[in-house]
There are 2 protein chains.
Amino acid sequence: MTAAVTGRPLPLHVPIHGYGVSDDDVLMVDGVPITEHAKRIGRTPFYLYSRRLISERIAHLRRTLPAGIEIHYAMKANPMPAVVEHIAPLVDGIDVASAGELAVAIRTATPRHHMSFAGPGKRDEELQAALEAGIVVNVESPAELARLLRLGEASGRRPQIAIRVNPDYELKSSGMKMSGGPKQFGIDAEQVPEVLKSLHGADIDFHGFHIFSGSQNLDGKAIAESERKSLDLALRLAGDAPAAPRFINLGGGFGIPYFPGDKPVDLAPVAEALAEAQVAARAAYPGCAIVVELGRYIVGEAGVYVCRVIDRKISRGQVFLVTDGGLHHHLAASGNFGQVLRKNYPVLVGTRVHGDRREVASVVGPLCTPLDLLGDRMEMAVAEPGDLIAVFQSGAYGYTASPTRFLSHPEPAQAFT
Amino acid sequence: MTAAVTGRPLPLHVPIHGYGVSDDDVLMVDGVPITEHAKRIGRTPFYLYSRRLISERIAHLRRTLPAGIEIHYAMKANPMPAVVEHIAPLVDGIDVASAGELAVAIRTATPRHHMSFAGPGKRDEELQAALEAGIVVNVESPAELARLLRLGEASGRRPQIAIRVNPDYELKSSGMKMSGGPKQFGIDAEQVPEVLKSLHGADIDFHGFHIFSGSQNLDGKAIAESERKSLDLALRLAGDAPAAPRFINLGGGFGIPYFPGDKPVDLAPVAEALAEAQVAARAAYPGCAIVVELGRYIVGEAGVYVCRVIDRKISRGQVFLVTDGGLHHHLAASGNFGQVLRKNYPVLVGTRVHGDRREVASVVGPLCTPLDLLGDRMEMAVAEPGDLIAVFQSGAYGYTASPTRFLSHPEPAQAFT
């Protein structure tokens, strides 16, 4: 928390920006206290996404990245229709990961050629949906390409094709490695020339390349290095393409700080690499756009998860705040989604941000498992039943990435300011 | 796999019992090939639970545990209504973990006093639902008790109360420690006498104690030791109770083998401890029943998760079977639900169980994350698109414990033979 929010340094928290505190010590989202949001929503727990913070984040990207760089929203991070509708006119394209996401994306005004569909296991129905919508399919394997061509021919829809490439290098410092070595994602770089040659004369539109090297990367220099390598690889491969590429999608992978010690990514080296990439791409193929595809970076810090304290209990000297939310609503905050070592997300008592009295407490949920832990012995205001707990950095991979049916508890609500 | 299933030892798998193989090499569940099940269900992926295996497992428990021991079904393991309806008449009671589960349980013929509700964060609506249904509430804190008494008085419903105790010892060798030290579960043993004394003269029915020490324990001797200690603790605490206990619920925690090297739990020492417990409890309180509460042990081995191969791709020498299922349907099998070290669940090609040709392959899903891995480099039959993949040990904490909305893919189906 910044001093503005807590009035004191809290070493257990990464800095949180953009939220306010009311005169009566209540956390505010877009200027409205969360107690008021809770009344409007009608129940707890809920996810609440800030329209203002999303807009500000995209504006920040526009200011920081070179003019002409196309920013796409990777809607898997937060596919809430209202959020997607809000983001669509602010960005240049939308990337979907399933037919379900496509159904939301095509309700926006985003041009179909600025939508792409990536994912290693696209079913025939999904390829057909992409053909019908006329969106670009990022092809992930030779067999998938063959299916797409067959379906296109059968339905009289011309396939819109980009090639997703599994590069022959790895992105440094990435939270999740998604390229290099054997992978289910994309076509191995060394197989791509042959695949491209097979497309010469085929009844398709060729759009370009998608090279994505990892996600949740906080090291701007490493991202920049990866972008340079990806651009080089794409330009090298483009020589065999059936047409000049319309875009080169360098992926995203810009991380956000979650845990103590995490620093926001420095975009300066990224912007520099993208500027160079744009010059190089246009020199080789006038009209070829550089695309970055961002999900978590756009929405992650714009969301809070709010739950209510049901019980305050002290067991052998340790304070437990038992809430109506937990792991089933927010798997990542419980530390059970790909994390090797559990760390606390930034958590505070949203109805007593500063608090007259402070203590160390654990925030848990209603489930019959010790995994159901939202905050492990954190310094926070003394809370009572009825108080609201806020978990920050919850705008991406929260609601949709959680096992909401677990123990048959009610679903969390979702709201957009 | 047993020799009966695979025809050869597969060191990567724990033994699987009770499934058959058809003449054309297809896995059978309750005598029906999974290809036939897939046709009846109409789509993949699906969870399929075996009526026969569930019945056999309960019959095995009845043969192995002493007569008179009450077996409860902890329905959080698998709350599918058809499964609960099937199990209800075969067991002595049902334990619920939420009002959502209660709504399913009360549709069975199980007597209401043989249903109990445990969980550390029961909301007022949930306590009220328990009061209306007349089921036993396993009280987890003094504050929860006060709320229950207040709601009972306000609604004219007499609270049916058991005390969940957080013991002052830990269960050895448990997959999940749920007692001993500071915990959100139950009332600390040392606080229980005072709580019990406060109930003297209160307008309630007192039912007994719930002492649960852990889950997924494969060490029968450790379970037995824990049961002995729990029984001693309950009998010691019962002296302060407002009435003779009607039951002492010693929990369950019987594990099932998931990973190479796991051995099925030896129930002989457990049965011995339960027999002693029954004698001791009846000596002190005639009519006091010993209850064991089992979820995973009853349903876990009776379920398979079946998905279909969409793509077969070879990346840098490694075979990937990309399926229409994955982490979003079966979080535990992907290794992302509380596991520190990822291990493979037993997985095979359900349409080529023995297979003419064998290879080492990885089974992955359609998601854009390397976490989406159902089988990491396992020896199995050579599979092609269209083949079905079966993941065993999937009857408990599968469907409801998975983030099925992730990336907006279709839900898995559920079927009960």
Side-chain angles (χ1 to χ4, degrees), chain A residues 76 79 97-98 100-101 104 118-123 140-144 166 176-178 181-185 188 215 310-313 315-318 320 322-324 326 331 336-338 340 362 364-372 385 399-410, chain B residues 76 79 97-98 100-101 104 118-123 140-144 166 176-178 181-185 188 215 310-313 315-318 320 322-324 326 331 336-338 340 362 364-372 385 399-410:
Chain A
K76 59 178 175 281
S98 68
E101 290 187 3
V104 173
K122 300 182 198 81
R123 292 170 285 114
E140 309 254 354
S141 82
E144 183 177 276
N166 177 24
M176 285 188 189
K177 297 222 177 336
M178 294 174 67
K183 287 285 180 304
Q184 69 258 48
F185 308 109
D188 291 349
S215 72
I310 299 296
D311 200 353
R312 171 191 171 82
K313 63 189 283 189
S315 171
R316 295 179 184 136
Q318 189 175 324
F320 290 91
V322 188
T323 73
D324 58 0
L331 188 63
N336 288 292
F337 198 59
V340 175
S362 290
V364 302
L367 308 183
C368 291
T369 164
L371 300 176
D372 191 14
Y399 177 72
T400 59
S402 297
T404 54
R405 279 200 198 80
F406 197 47
L407 269 52
S408 307
H409 280 287
Chain B
K76 59 177 175 281
S98 67
E101 289 187 3
V104 173
K122 300 182 198 82
R123 291 170 286 114
E140 309 254 354
S141 80
E144 183 176 277
N166 176 24
M176 285 188 189
K177 297 221 178 334
M178 294 174 66
K183 286 285 182 302
Q184 69 257 49
F185 308 109
D188 292 347
S215 72
I310 299 296
D311 201 353
R312 171 190 170 82
K313 63 189 283 188
S315 171
R316 296 182 180 132
Q318 190 175 325
F320 290 91
V322 187
T323 73
D324 58 0
L331 188 65
N336 289 293
F337 198 58
V340 175
S362 290
V364 301
L367 308 184
C368 292
T369 164
L371 301 175
D372 190 15
Y399 178 72
T400 58
S402 298
T404 54
R405 279 202 198 79
F406 198 46
L407 269 53
S408 308
H409 280 287

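Proteins come first, then strands; the chains are lettered A, B, ... in the order of their sequence lines, and each starts at number 1.
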To the nearest 0.5 Å, what is the distance between [atom1] on [X] and [atom2] on [Y]?
X         : Y         : atom1 : atom2 : result
Glu140(A) : Lys183(A) : CD    : NZ    : 13.5 Å
Leu331(B) : Asn336(B) : CG    : CG    : 5.5 Å
Lys76(B)  : His409(A) : NZ    : NE2   : 10.0 Å

[X] versus chain B, the contacting section by heavy-atom distance below 4.5 Å:
X         : result
Asp311(A) : side chain
Pro79(A)  : side chain
Leu407(A) : both

Do you know which of [options] has the most heavy-atom pairs with chain B at a distance under 4.5 angstrom?
options                                    : value
Arg312(A), Glu101(A), Gln318(A)            : Glu101(A)
Asp188(A), Ile310(A), Leu367(A), Val364(A) : Asp188(A)
Ser141(A), Gly365(A), Ala97(A), Gly119(A)  : Ser141(A)

- Task: Would you confirm whether Asn166(B), through its side chain, and Gln184(B), through its main-chain N or O, come within 3.5 Å as a donor-acceptor pair?
- Result: no

- Message: I'd like to verify something: which residue of Ser408(B), Ser315(B), Pro410(B), Pro366(B) has the highest number of heavy-atom pairs under 4.5 Å with chain A?
- Response: Ser315(B)

- Quick one: of Gly100(B), Pro182(B), Ser98(B), who has the most non-hydrogen atom pairs under 4.5 Å with chain A? Pro182(B)

- Checking heavy atoms, do the side chain of Phe320(B), its backbone, both or neither come under 4.5 Å from chain A? side chain

- Message: One thing to verify: whether Glu144(B) and Lys122(B) come together as a salt bridge, which I'm taking to mean a side-chain N less than 4.0 angstrom from a carboxylate O.
- Response: yes

- Pro142(B): what forms a side-chain contact (heavy atoms from CB on, under 4.5 Å) with it, not counting sequence neighbours? Ile187(B), Gln191(B), Val195(B)

